[in-house]
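Following: one structure in structure tokens, then a few remarks.
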Number of protein chains: 2
Amino acid sequence: MKKDFECTQESYAREILREKGLKSTVQRLAVVHVLHTSGKSLSVGEIHDGVKGILGTTGLATIYRTLEMFEDLGIVKRLHFPDGGRGYAFSQGDHVHHMVCVDCKGVFDFPECPVENFDYASVEKQGFIVRDHFVQLFGQCEKCAEAA
Amino acid sequence: MKKDFECTQESYAREILREKGLKSTVQRLAVVHVLHTSGKSLSVGEIHDGVKGILGTTGLATIYRTLEMFEDLGIVKRLHFPDGGRGYAFSQGDHVHHMVCVDCKGVFDFPECPVENFDYASVEKQGFIVRDHFVQLFGQCEKCAEAA
DNA sequence: GAGCTAATTGAAAATCATTCTCATTTAACA
DNA sequence: TGTTAAATGAGAATGATTTTCAATTAGCTC
């Protein structure tokens with residue numbers, strides 16, 4: 001099978017898959033490749049198209065299965081758009097937030113956590129225990145800001 | 001028509017609707033009532049059921065239309081759950097974040113913005129302009145933490 | 001309060017997204 | 001190279017959301 005798209009990100013995915021006893025199929029590696037090289041957030045359909053471009057044919061169900069699994073493994077992150085749409089972005093590393101360009105859907109990592117040093121006093125006063133958070137920034141990348 | 005559920009939140013919605021030249025229908029006010037009195041995040045189906053409980057019969061399309069519109073008006077906020085599910089929460093006021101109990105789906109407002117004072121230097125260095133953000137906290141409310 | 005009008009609703013069909021099933025294929029390892 | 005459990009593909013099934021259009025209604029005006 002074609003593996004001419006192998007690069008750092010595919011190796012990274014391979015390793016995580018092997019650690020968990022999961023198979024590194026061409027479909028899975030193609031999903032990583034498509035997401036990573038696009039550099040932006042893609043819909044399920046766009047990912048499907050991208051993978052079909054590499055492998056010729058691929059079942060849509062496989063894309064769904066792969067994305068769900070990759071999300072659990074922390075390889076991709078699901079993003080939510082104000083219009084209700086969803087996108088997936090490659091997400092190497094554990095705790096990364098994303099900044100999304102609303103024009104080109106470009107995704108840019110954001111290593112510092114904006115919420116990390118936040119004082120949860122007002123919430124904790126009510127008895128809550130904060131366990132996790134979802135943070136996503138919206139804006140414009142340099143290119144799109146200039147074009148506007 | 002039954003309006004015995006009128007209270008502060010319904011008046012609030014009425015006012016916003018009137019400002020925008022939109023009609024305060026019983027269906028719309030019932031959606032506000034259901035969401036507000038539940039105190040938690042509800043799915044579209046749960047909201048539909050709640051409204052049917054008040055009005056007898058209501059079209060599902062109306063619920064969808066109302067929620068979309070209320071989201072634009074800032075009356076409700078769409079929440080996203082790790083499992084992919086979506087929920088809607090009543091959201092009086094402009095810039096409120098939410099903390100959601102993963103057990104009971106209870107929603108608690110969070111007036112301080114965790115992102116407000118964050119230093120966007122690393123992102124701005126790349127030429128980005130941050131325009132908006134989505135922040136959602138997950139955890140356990142007092143009740144559910146004790147029950148666990 | 002009755003009439004007018006544009007906005008809104010309801011019901012069902014249409015569309016779109018996601019999951020499931022099961023026979024076939026394949027990656028990983030011996 | 002053979003074995004085997006995991007993964008895939010194709011399409012059916014399910015579920016979520018949107019659209020359509022005739023009927024209804026809220027918000028005016030008088």
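Residue numbers start from 1 in every chain, and the chains themselves are labelled A, B, ... in the order their sequence lines are given, proteins ahead of strands. Heavy atoms only: backbone and side chains are in, while hydrogens, waters and symmetry mates are out. Since we're looking at a predicted model, the values are computed, not measured.
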Has [X] got a side-chain N or O lying under 4.0 Å from the OP1 or OP2 atom of [N]?
{"X": "A:Thr57", "N": "D:dG9", "answer": "no"}
{"X": "A:Arg18", "N": "C:dA28", "answer": "no"}
{"X": "A:Tyr64", "N": "C:dT18", "answer": "yes"}
{"X": "B:Arg14", "N": "D:dA26", "answer": "no"}
{"X": "A:Arg65", "N": "C:dT18", "answer": "no"}
{"X": "B:Thr58", "N": "C:dT9", "answer": "no"}
{"X": "A:Thr62", "N": "D:dG9", "answer": "yes"}
{"X": "A:Thr66", "N": "D:dA7", "answer": "no"}
{"X": "B:Arg86", "N": "D:dT17", "answer": "yes"}

Aromatic centroids of A:Phe128 and B:Phe108 separated by under 6.0 Å:
yes
Verify whether the ring centers belonging to B:His133 and B:His95 lie closer than 6.0 Å.
yes
Nucleotide [N], atom [atom2] - distance to [atom1] of [X] in whole Å:
{"X": "A:Leu17", "N": "C:dT26", "atom1": "CG", "atom2": "C1'", "answer": "15 Å"}
{"X": "A:Glu68", "N": "C:dA17", "atom1": "CD", "atom2": "C1'", "answer": "14 Å"}
{"X": "B:Ile63", "N": "C:dT8", "atom1": "CD1", "atom2": "P", "answer": "15 Å"}
{"X": "A:Phe70", "N": "D:dA7", "atom1": "CZ", "atom2": "C1'", "answer": "12 Å"}
{"X": "A:Leu55", "N": "C:dA27", "atom1": "CG", "atom2": "P", "answer": "11 Å"}
{"X": "A:His48", "N": "C:dC16", "atom1": "NE2", "atom2": "C1'", "answer": "15 Å"}
{"X": "A:Arg78", "N": "C:dT18", "atom1": "CZ", "atom2": "C1'", "answer": "11 Å"}
{"X": "A:Glu19", "N": "C:dA28", "atom1": "CD", "atom2": "C1'", "answer": "16 Å"}

On DNA chain D, more 5' by nearest nucleotide between B:Thr25 and B:Ala61 is B:Ala61
5′-ward residue of the pair A:Gln27/B:Gln27 relative to DNA chain D
A:Gln27
DNA chain C nearest-nucleotide lookup for A:Lys23 and B:Leu60: closer to the 5′ end is B:Leu60
Starting from the 5' end of DNA chain C, give me the residue, B:Gly59 or A:Ser24, whose nearest nucleotide shows up first.
B:Gly59
Describe, as an angle rounded to 10 degrees, how the axis at the first end of the helix from C:dG1-D:dC30 to C:dA30-D:dT1 is tilted relative to the axis at the last end, five pairs per end.
50°
Do side-chain atoms of [X] reach the backbone of [Y] as a donor and acceptor pair under 3.5 angstrom?
{"X": "A:Glu15", "Y": "A:Tyr12", "value": "no"}
{"X": "B:Gln136", "Y": "B:His80", "value": "yes"}
{"X": "A:Arg86", "Y": "B:Gly84", "value": "yes"}
{"X": "A:Lys77", "Y": "A:Val96", "value": "yes"}

Checking contacts here: which listed nucleotide (C:dT9, D:dA7, C:dT18) is nearest the side-chain heavy atoms of A:Leu22?
D:dA7
State the CZ-NE2 distance between A:Arg78 and A:His98, to the nearest 0.5 angstrom.
13.0 Å
Between B:Phe138 and A:Phe134, does the ring-ring contact (aromatic ring centres under 6.0 Å, His included) criterion hold? Intermediate values first, please.
CA-CA 8 Å; B:Phe138 295 99; A:Phe134 179 81; 7.7 Å; no
